[in-house]
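Read through the structure below, which is laid out as structure tokens, and then see the notes.
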Number of protein chains: 2
Amino acid sequence: MNKKNLMTLADIAKLANVSTSTASRALRDNPVIKQATRDLVQGIAKEHNFKVNVTASKLRTQKTNTIAVVVMLERKSGQVISDPFLMEILGTIADELTKFGYDMLLTTTKTATHDWYSYYYESKRADGLIIIGQGEHDQRVESLANTKLPFVVWGTEIHENSYTTIGSDNRKGGFLAVQHLIKQGCKRIAFLGDINHNEVEQRWLGYQDALKEADLPIEHGLQIKTDFTSNDGYSKLRDHLLIEDQGIDGIFAVSDAIALGASKYLFEQNIDVPQKIAIIGFDDIAMSEFCSPSLSTIKQNTAAGGRLLVKILLNKINQQPVKSQLLDVEVVQRQSSSR
Amino acid sequence: MNKKNLMTLADIAKLANVSTSTASRALRDNPVIKQATRDLVQGIAKEHNFKVNVTASKLRTQKTNTIAVVVMLERKSGQVISDPFLMEILGTIADELTKFGYDMLLTTTKTATHDWYSYYYESKRADGLIIIGQGEHDQRVESLANTKLPFVVWGTEIHENSYTTIGSDNRKGGFLAVQHLIKQGCKRIAFLGDINHNEVEQRWLGYQDALKEADLPIEHGLQIKTDFTSNDGYSKLRDHLLIEDQGIDGIFAVSDAIALGASKYLFEQNIDVPQKIAIIGFDDIAMSEFCSPSLSTIKQNTAAGGRLLVKILLNKINQQPVKSQLLDVEVVQRQSSSR
DNA sequence: GATATTAATGCAATCGATTGCAAGATATTT
DNA sequence: AAATATCTTGCAATCGATTGCATTAATATC
């Protein structure tokens, strides 16, 4: 027993009258050790509630069995942070890592160091990295590509071969959303979102795909740069609907939060949703079902995303070949777009 | 250099022509080492981008500089997880820990082990534990009180001296909410929430405080057991408003999610909010401002909570005396309760 | 200039578990 | 029964940094 009263492997070995090597092997069920001995050692360990000191183990084995997850949210404070999708994907990742015997280290980019390679890998804090929300093009992520750090990114594939990305099929999502609005009879559909954001850019491409398919003109004036907040959804719609154009009959907002902000404005203006203007969002947050009118949206498969991120990363760590993947999305139709 | 090409302290020492002990001390700016030597060693370290192997360091110093955060969310799947408050408090905790040089280990209770003392403390994974959302009385938390593991809990103080708790002043929150409704002229106020949940119980007490203060009768029939979901807010209101009573003129829902569900039902029934029934929620989630009518609520100071959790825990780890604390809350008045 | 202080540095043990290799114990073969 | 093959176990080195104590170098004191 050491100072702190915690059992050590040597204590267990002594109690079992074996060497520490035997004890170590016995505890991990190494078949080279006689079954009886294994039982004995394991029994004593359990009896004394012995737990291996993972720090010592990490040092010796040179594996941390830990994955760091970086959540990128330094953007104009408090926006992304309230995104319920984030919590859900984090939860899934945490559970999935646990399942594989890994611990999860969490950081946001707000205060943390920016040299992830040094901090996590060189310092031996983690075996790999998951980056959530690559947002706009980011130098820190780019530069990781040249290091030995195994990592995967949630987001959109940018440069073909530079790193591995897992994300929703945003282009298809945009396509489905707009196709749906068109089916409901919409002809002039506004796009609310900031296409500097990689994922939004894909949704914007999907928007165009759908218009083209329906032989509708693409008017760039209908693409309104909007932050990921209800607030901005509200005010951008106010400014643009009044000044530029009264002929809009549909809105595709790149997040439910934006859509709800927009809805509020329409409600205040007594503009009928969905009859005069139909709306569809993106994400399917919990609230969408419970506002009035309830909000149609594009649903991402967050749980599958979390699981895939972990799987791909662990494969990578084990030197197996991996490639970027897109997750399917689907339309959830509710009142806001049902004419 | 070891196999993996990573510099080790010994390499740096050799390059600087000093012993590893001197190198070690020099790197940490130990004043016992001559300034010139310190500069030399630090320079060489920087030049070669050397990073101390934290695993080795942890083993030798017996400090992990890591805090584990357990998010309790095994409740009927997917409810608490979407609570935006969770993500916000996690973000704050992460940043705050970073600021103090600690890493943060995150787990949910879904798949993880339940013997936190063994897993985190005995195994030397973390120096302390933060538990978020104690929810209903929980045996796992109780039993930690008898261990040497330093920990703090976000929630409600239950047993005076058994462990340290940080949380919003839920009783005051309930009081303020109901007092506010009364000021708006409400006389029969329904309570939507499950008082088996510790924090909700406090809100329920606050509810009673306010009624008493106004000399209004406390009708236990108006306390409707409701889960933390919009869904349940919707259906419980439906079932109870119809069958039991038509005289309700106010609703205090213990979360905004519940309140939004309730609102939806009232909207569908063409019941005027706030004129016929005024509503107030709890949490101030982002959506509350953007539904129609916008939702009045009680706002928690999540950021302060996160900071306090970290501060108290670190104090505890450093053997300083600490005590449980309540955070102030405030009413945010919006349309749903403005007559 | 010899001795007493003080400042800098290095030696070697230590943290606790893991593992290659050797040795001892047991079983099998001839 | 001797020789060989097969099981089990233990020895001792190792992972990389930290630290108590001893030692050497530099400075001060008489």
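Nothing here was measured: the structure is a model prediction, and the numbers come from that model. Note on naming: letters A, B, ... go to the chains in the order of the sequence lines (proteins, then strands), and numbering restarts at 1 for each one.
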(request) Would you tell me if any nitrogen or oxygen in the side chain of B/R60 comes within less than 4.0 Å of OP1 or OP2 on D/dC15? (result) no
(request) Pull out every residue in residues 39-57 of chain A that has a heavy atom closer than 4.0 Å to any atom of DNA chain D, ordered by number, or say none. (result) none
(message) Just so I know, are the side chains of B/M87 and A/L90 near enough to count as touching, which here means a heavy-atom distance under 4.5 Å?
(response) yes
(message) What is the separation between atom CZ on A/R125 and atom C1' on D/dG16, rounded to the nearest whole Å?
(response) 15 Å
(request) Between B/L59 and B/T22, name the one whose nearest nucleotide on DNA chain C is closer to the 5' end. (result) B/T22
(message) In this structure, how many angstroms lie between the P atom of D/dT6 and the CD atom of A/Q35, rounded?
(response) 21 Å
(message) Looking at B/T8, I'd like to know whether one of its side-chain N or O atoms comes within less than 4.0 Å of OP1 or OP2 on D/dA17.
(response) yes
(request) Would you please classify the geometry between the A/Y163 ring and the A/F151 ring as parallel, tilted or perpendicular, with 30° and 60° separating the classes? (result) tilted
(message) Quick check: on DNA chain C, is the nucleotide nearest B/N17 upstream (toward 5') of the one nearest B/T61, or the reverse? Name the residue that is more 5'.
(response) B/N17
(request) Measure distances between side-chain N and O atoms of A/S21 and base N and O atoms of D/dC11, and say whether any donor-acceptor pair falls under 3.5 Å. (result) yes
(message) Within the structure provided, determine whether B/S123 and A/V52 are in side-chain contact (heavy-atom separation under 4.5 Å).
(response) no
(message) Whether the A/T164 and A/K323 side chains hold a donor-acceptor pair (N or O, under 3.5 Å, no angle test) is what I'd like checked.
(response) no
(request) Whole angstrom is fine here: how far is it from NZ in B/K124 over to C1' in C/dC15? (result) 10 Å
(request) Please tell me which of the listed nucleotides, C/dT18, D/dT9, C/dA8, lies nearest to the side chain of A/R28? (result) C/dT18
(request) Check the distance between C/dA17's C1' and A/M7's CE and give it to me in whole angstrom. (result) 16 Å
(request) Report the distance from atom CG of B/N65 to atom P of C/dC15, rounded to the nearest whole Å. (result) 20 Å
(message) Please confirm whether the shortest side-chain N or O distance from A/T20 to OP1 or OP2 of C/dG16 is below 4.0 Å.
(response) no
(message) How many whole angstroms separate atom CG of A/L27 from atom P of D/dT9?
(response) 13 Å
(request) Whole angstrom is fine here: how far is it from NZ in B/K34 over to C1' in C/dG10? (result) 14 Å
(message) My understanding is that only residues two or more places apart in sequence, or in another chain, count here; which of them pass salt bridge (charged side-chain N to carboxylate O under 4.0 Å, His left out) with B/K99?
(response) B/E96
(request) Could you point out which residue of A/D127, A/D115, A/T107 forms a side chain to side chain donor-acceptor pair (under 3.5 Å) with A/Y120? (result) A/T107
(request) Find the distance B/I33:CD1 to D/dT19:C1' and express it as a whole number of Å. (result) 12 Å
(request) With heavy atoms under 4.0 Å as the rule, sort A/R25 into base, sugar-phosphate or nothing. (result) base
(message) For B/K63, is the NZ atom crowded, meaning more than 12 foreign heavy atoms sit under 6.0 Å from it?
(response) yes
(request) Using only side-chain N and O atoms of B/Q62, determine if any of them is under 4.0 Å from OP1 or OP2 of D/dT18. (result) no
